[in-house]
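Data first, discussion second: the structure below is written as structure tokens.
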There are 2 protein chains.
Amino acid sequence: MLAAQRKDLILATLRTEGRVVAKELAAELELSEDTIRRDLRELAADGRLHRVHGGALPASPAVADFTVRTGIRQDAKVAVGRLAAGLVRPGQTVAVDGGTTAQQLVRHLAADLRATVVTHSPTIAVELATHPSVEVIIVGGRLFKHSVVAAGAAAHEAIGRISADLFFLGVTGIHPTAGLTTGDADEAAIKRAWTQRAGETYVLGSGEKIGAASAFEVVPLDAVTAVLTDADAPERGVAELRTAGVEVIRAG
Amino acid sequence: MLAAQRKDLILATLRTEGRVVAKELAAELELSEDTIRRDLRELAADGRLHRVHGGALPASPAVADFTVRTGIRQDAKVAVGRLAAGLVRPGQTVAVDGGTTAQQLVRHLAADLRATVVTHSPTIAVELATHPSVEVIIVGGRLFKHSVVAAGAAAHEAIGRISADLFFLGVTGIHPTAGLTTGDADEAAIKRAWTQRAGETYVLGSGEKIGAASAFEVVPLDAVTAVLTDADAPERGVAELRTAGVEVIRAG
DNA sequence: CTTGTCTTTGCACGTTTCTGCACGTTACTG
DNA sequence: CAGTAACGTGCAGAAACGTGCAAAGACAAG
């Protein structure tokens, strides 16, 4: 067992058990209590746990939350995700596409939000497994490995049986004339199916996607309710989209 | 062995084992520790792994986090997972249950294995997204958050349309008279459905589950092909199962 | 085939990190 | 308030580390 790994293990045990005891850890890991105590001391110094006589307790949740957030640098995606999360009303059924921005979306859903999320992305489903009140429906199908989402006939069929209030669509290109595009035909078909099954469709479009175009059109621009983007999105591209009649909402 | 090939091998080992130790790699590859250390330094410089004293850990926190979550009794789960992975023949369709042992199973599937894995666990699906040749089918449904698997009517229906060669079943209890049990009725029903749809069923049972029993029976012991367990499984429990007519295979 | 260059690898050596023990101190328990 | 368990510190041996260097092999040019 590597020393570095040991600290992770202590923290993991702390999360699952709610406490750790120095003596028990020493026995379990077959190390002296001195070494365990040293680890606990160092983890406490980093604010990763709360040291107490005999062992340790979890650090305050605020600390954990802070370390997680600062660890992520995708500012634009976080901003767009947060903006999108704010559009969801209690009781709604929301279809969520795959992708890192969508991941940020579900991560920012309010902890007390009661809603239903339908997704063909196993990653999104796993993320929401820890959400206390959101109901999650997974759309199955053949796994399209490149973007890690379910696709194929089974997925189409499942989507056809769902009606969603909102759909959050991820694309690789948002272009005034080429419309909304992505790099794979199967994926485009799935995204199109979702768009048809949802009352409103919002595009998750962090700035670098605006003005870009990929090979396969998902839907034309007028098929969506609005494009959500971040504060750093290029002015010119946004203006072009608005001229084309698309509503563009910028994150804070 | 080419140097570049060696680095790939190190990264592959890191993915499957969750860590690598410089000394072990040196012995395995019959090279000096210096050379291994050089490789690790370079891979760390490229951000492909996280260098720590004694070896290296995965660069992505997500991977590391999961490895750690499997807990202190990880060795047994890895051993059982590896044993189970070895039972899969090319061309077979394999149903895989949720759980950390199953996660180890798919992680140890040979990189060149051509097979189809069907699963109602989004976590397993995500894990297999990086496997080069395995085809993955996701079973959808309502997400049962506690164990992070799809369940409910939709899942049942989807499973009913599948015929698998093998099913790897995870349970919380393996008891000579109570049979195979788990802690949730819905989950038990899904597992039962899989058992009925598979030619052979193998139980993933790391030692501590033997002799234990939970509230809901999945299937009786005679419904499964064999129980896979680790070398540290209690002798007495294993003997009792064998007396009850169950084949028990221990991991080396 | 020979020569020169570049890469790879292992070794030597000084440095850093990890770990367990000894010892004195501090915190719990009855 | 006494006894015990847990604690922190200093220290030493062991293991791991990085660096510089030289030998061996690969490879292209001549």
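Lettering follows sequence order; numbering is per chain, from 1.
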Self-check item: Rounded distance (Å) that lies between atom C1' of C:dT19 and atom CG of A:L25
Solution: 16 Å
Practice problem: Return the value, rounded to whole Å, for the distance between atom CD of B:E42 and atom C1' of C:dT8. | Solution: 10 Å
Exercise. Apply side chain to side chain contact (heavy atoms under 4.5 Å, CB included) to the pair B:W194 and B:T201, showing each step before the final yes or no.
Key: CA-CA 9 Å; B:W194 275 129; B:T201 297; over 6 Å; no
Quiz prompt | B:R48, CZ atom: more than 12 neighbouring heavy atoms under 6.0 Å | solution = no
Exercise. Return yes when atom CD of A:E42 has more than 12 non-hydrogen atoms of other residues, nucleotides or ligands closer than 6.0 Å, and no otherwise.
Key: yes
Exercise. Grab the CZ-P distance between A:R6 and C:dC18 for me, whole Å please.
Key: 9 Å
Exercise. Compare side-chain N and O positions of A:T35 against OP1 and OP2 of C:dT19 and report whether any pair is under 4.0 Å apart.
Key: no
Self-check item: Lys/Arg-Asp/Glu bridge criterion (N-O < 4.0 Å) met for B:R6, B:E28
Solution: no
Quiz prompt | With A:D186 via salt bridge (charged side-chain N to carboxylate O under 4.0 Å, His left out) - residues at least two apart | solution = A:R142
Practice problem: Working to the nearest 0.5 Å, report the span between CZ of B:R51 and CG of B:L57. | Solution: 10.0 Å
Quiz prompt | Whichever of B:D39 and A:L2 has its nearest DNA chain C nucleotide further upstream toward 5' | solution = B:D39
Quiz prompt | Sequence-aligned protein contact record of nucleotides 8-23 of chain D, with B where the base is within under 4.0 Å of a protein heavy atom and S where only the sugar-phosphate is | solution = SB------SBSB----
